[in-house]
Trainee: 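To start, I am sharing the structure in question, which I have written as structure tokens.
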Amino acid sequence: WSKETILNSIDCTNLKEKIRVIRYTVKPKNFTKIKHDEVNFLFVGSSNLMNARNIQFKNLKETIIAFNIISTKYDKISLTIRAYVPEELKQIANKNSKIKIIDSYLKEKDLFDLYVNADIFVLPSHETSGISLLDAMSFEIPVIAMNIYDIPEVISHLKNGILISPPPQMKYY
């Protein structure tokens with residue numbers, strides 16, 4: 001996707017053969033999956049307040065609303081949100097005891113434990129794939145993500161995750 005964007009955006013007549021894609025990578029993790037009765041959903045964003053404005057692009061509000069709907073239908077599910085969460089979204093999330101918010105810095109081992117305990121990674125972002133998506137995959141966690149940008153290069157629909165169609169009113173460039 002990135003290479004095609006460059007090729008379509010500028011005149012690369014003399015450069016086309018020299019453009020190479022170097023993909024993000026994350027080493028597979030050595031872990032033992034913990035068996036539990038619940039299905040644990042995990043949403044990971046930044047806890048950095050400088051990224052507060054970006055939370056709308058990650059679709060956290062929509063994730064909380066969708067989880068609130070499915071949690072009325074299923075008993076043994078939970079959602080852990082590891083991200084900065086604005087107060088207005090905390091108020092919505094705090095009404096559901098199945099949602100846990102971690103909005104502080106975590107040590108690497110604690111973040112590792114979140115991934116080990118997760119069953120489904122949720123990334124319905126309007127952004128390109130990031131390290132959190134690859135981290136989830138390195139823990140063999142299926143992913144729910146938006147079918148945009150470079151994400152379909154990483155997620156194969158119904159093989160290692162689910163790709164959801166973006167809303168038709170969204171404009172992507």
Side-chain angles (χ1 to χ4, degrees), residues 1-31 41-67 79-90 92-93 101-108 111-112 114-115 118-173:
W1 172 83
S2 298
K3 181 178 179 180
E4 290 301 315
T5 299
I6 291 170
L7 293 174
N8 292 327
S9 300
I10 60 174
D11 180 11
C12 297
T13 307
N14 298 323
L15 301 171
K16 191 172 184 176
E17 311 79 43
K18 296 179 181 184
I19 298 173
R20 300 283 180 258
V21 175
I22 301 173
R23 299 187 186 281
Y24 284 140
T25 59
V26 172
K27 290 181 181 180
K29 303 298 186 290
N30 183 15
F31 67 97
F41 290 83
L42 176 62
F43 179 101
V44 174
S46 175
S47 62
N48 185 341
L49 290 177
M50 296 299 290
N51 292 330
R53 292 184 330 155
N54 292 345
I55 204 69
Q56 68 188 19
F57 299 113
K58 295 197 181 292
N59 267 348
L60 179 56
K61 180 178 182 180
E62 291 76 4
T63 300
I64 293 169
I65 291 168
F67 183 81
L79 169 63
T80 300
I81 300 169
R82 179 6 203 109
Y84 166 78
V85 180
E87 195 56 43
E88 66 186 67
L89 296 183
K90 278 185 184 177
I92 297 169
I101 297 173
I102 303 168
D103 58 1
S104 60
Y105 173 80
L106 288 179
K107 293 179 182 175
E108 187 174 4
L111 186 59
F112 186 99
L114 287 181
Y115 282 105
D119 298 300
I120 300 171
F121 187 77
V122 184
L123 185 75
S125 176
H126 294 289
E127 300 174 323
T128 59
S129 68
I131 293 298
S132 64
L133 176 90
L134 297 177
D135 280 336
M137 293 176 69
S138 74
F139 284 95
E140 302 173 8
I141 305 169
V143 176
I144 299 173
M146 199 73 73
N147 189 9
I148 57 169
Y149 301 129
D150 60 337
I151 294 173
E153 295 175 19
V154 179
I155 302 298
S156 297
H157 185 61
L158 298 180
K159 290 193 173 129
N160 59 346
I162 295 174
L163 293 171
I164 53 178
S165 298
Q169 68 272 24
M170 288 298 296
K171 302 294 181 216
Y172 297 98
Y173 302 96

Trainee: Considering residues at least two apart in sequence or located in another chain, which fulfil the salt bridge (charged side-chain N to carboxylate O under 4.0 Å, His left out) criterion with R20?
Mentor: none

Trainee: Please evaluate residues Y115 and V44 with respect to the criterion side chain to side chain contact (heavy atoms under 4.5 Å, CB included), reporting the C-alpha separation (whole Å), side-chain torsions for both, the decisive distance (0.1 Å), and the verdict.
Mentor: CA-CA 9 Å; Y115 282 105; V44 174; 3.8 Å; yes

Trainee: Only counting residues at least two apart or in another chain, list the ones meeting side-chain contact (heavy atoms from CB on, under 4.5 Å) with E108.
Mentor: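 With sequence neighbours excluded, E108 shows a side-chain contact (heavy atoms from CB on, under 4.5 Å) to no residue whatsoever.
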
Trainee: Locate the shortest heavy-atom distance separating L114 from T80; write the atom from each residue and the value.
Mentor: CD2-CG2, 3.9 Å

Trainee: Could you grab the distance from atom CD1 of I65 to atom CD of E62, nearest 0.5 Å is fine?
Mentor: 6.0 Å

Trainee: Can you name the side-chain hydrogen bond (donor to acceptor under 3.5 Å, both in side chains) partners of T13, sequence neighbours left out?
Mentor: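 T13: side-chain hydrogen bond (donor to acceptor under 3.5 Å, both in side chains) contacts with D11.
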
Trainee: Can any side-chain N or O of R82 pair as donor or acceptor with the backbone N or O of I101 at less than 3.5 Å?
Mentor: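 Checking the backbone N and O of I101 against the side chain of R82, no donor-acceptor pair under 3.5 Å is found.
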
Trainee: Kindly compute the distance separating CZ (F41) from CD1 (I141), expressed to the nearest 0.5 Å.
Mentor: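 Between F41 CZ and I141 CD1, I get 12.0 Å after rounding to 0.5 Å.
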
Trainee: Taking the side chain as C-beta and beyond, is there a heavy-atom pair between S2 and E153 under 4.5 Å?
Mentor: no

Trainee: Give the minimum heavy-atom separation between F43 and A83, together with the two atoms involved.
Mentor: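 Reported closest heavy-atom pair: CE2-CB, 4.2 Å.
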
Trainee: Report the C-alpha distance between V143 and M137 in whole Å, list the side-chain angles of each, state the deciding distance to 0.1 Å, and finish with yes or no for side chain to side chain contact (heavy atoms under 4.5 Å, CB included).
Mentor: CA-CA 8 Å; V143 176; M137 293 176 69; 4.1 Å; yes

Trainee: List for me each residue that meets side-chain hydrogen bond (donor to acceptor under 3.5 Å, both in side chains) alongside T63, sequence neighbours excluded, and say none if there are none.
Mentor: none

Trainee: Report, as yes or no, whether the 6.0 Å neighbourhood of atom CG on N8 holds more than 12 heavy atoms from other residues, nucleotides or ligands.
Mentor: yes

Trainee: Is there a donor-acceptor pair closer than 3.5 Å between any side-chain N or O of N160 and the backbone N or O of V154?
Mentor: yes

Trainee: Can you name the closest pair of heavy atoms from P124 and N59 and give their distance?
Mentor: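 Minimum heavy-atom contact is O-ND2, 2.8 Å.
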
Trainee: Looking only at the side chains, is there a donor atom on one of D150 and T128 sitting less than 3.5 Å from an acceptor on the other?
Mentor: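 The criterion, which ignores hydrogens and geometry beyond distance, is not satisfied for T128 and D150.
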
Trainee: For I151 and L163, which heavy atoms make the closest approach, and how far apart are they?
Mentor: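 Answer, listing the atom of I151 first, then L163: CG2-CD2, 3.8 Å.
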
Trainee: So do I162 and I120 actually touch side chain to side chain, heavy atoms under 4.5 Å?
Mentor: no

Trainee: Quick one: which residue pairs count as a side-chain hydrogen bond (donor to acceptor under 3.5 Å, both in side chains) with a foot in residues 130-147, not counting sequence neighbours?
Mentor: K29-S138

Trainee: Taking atom CD1 of I22 and atom NZ of K3, what is their separation to the nearest 0.5 Å?
Mentor: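 Output value for this atom pair is 12.0 Å.
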
Trainee: Does the gap between the ring centers of F139 and F31 come in under 6.0 Å?
Mentor: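 Yes; F31 has its ring centre under 6.0 Å from that of F139.
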
Trainee: To the nearest 0.5 Å, what is the distance between CG on L60 and OG on S125?
Mentor: 11.0 Å

Trainee: Give, for atom CG of L134 and atom CZ of R23, the distance between the pair rounded to the nearest 0.5 Å.
Mentor: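 So the CG of L134 and the CZ of R23 are separated by 10.5 Å.
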
Trainee: For I6, enumerate each residue passing the side-chain contact (heavy atoms from CB on, under 4.5 Å) test, keeping only those at least two apart in sequence or located in another chain.
Mentor: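 Once residues adjacent in sequence are excluded, the partners of I6 under the side-chain contact (heavy atoms from CB on, under 4.5 Å) criterion are I10, C12, I19.
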
Trainee: If I take atom OH from residue Y84 and atom NZ from residue K58, how far apart are they, to the nearest 0.5 angstrom?
Mentor: 14.5 Å

Trainee: Could you pull out the closest heavy-atom pair between F112 and N30, with the gap in Å?
Mentor: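 Closest heavy-atom pair between F112 and N30: CZ-O, 3.6 Å.
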
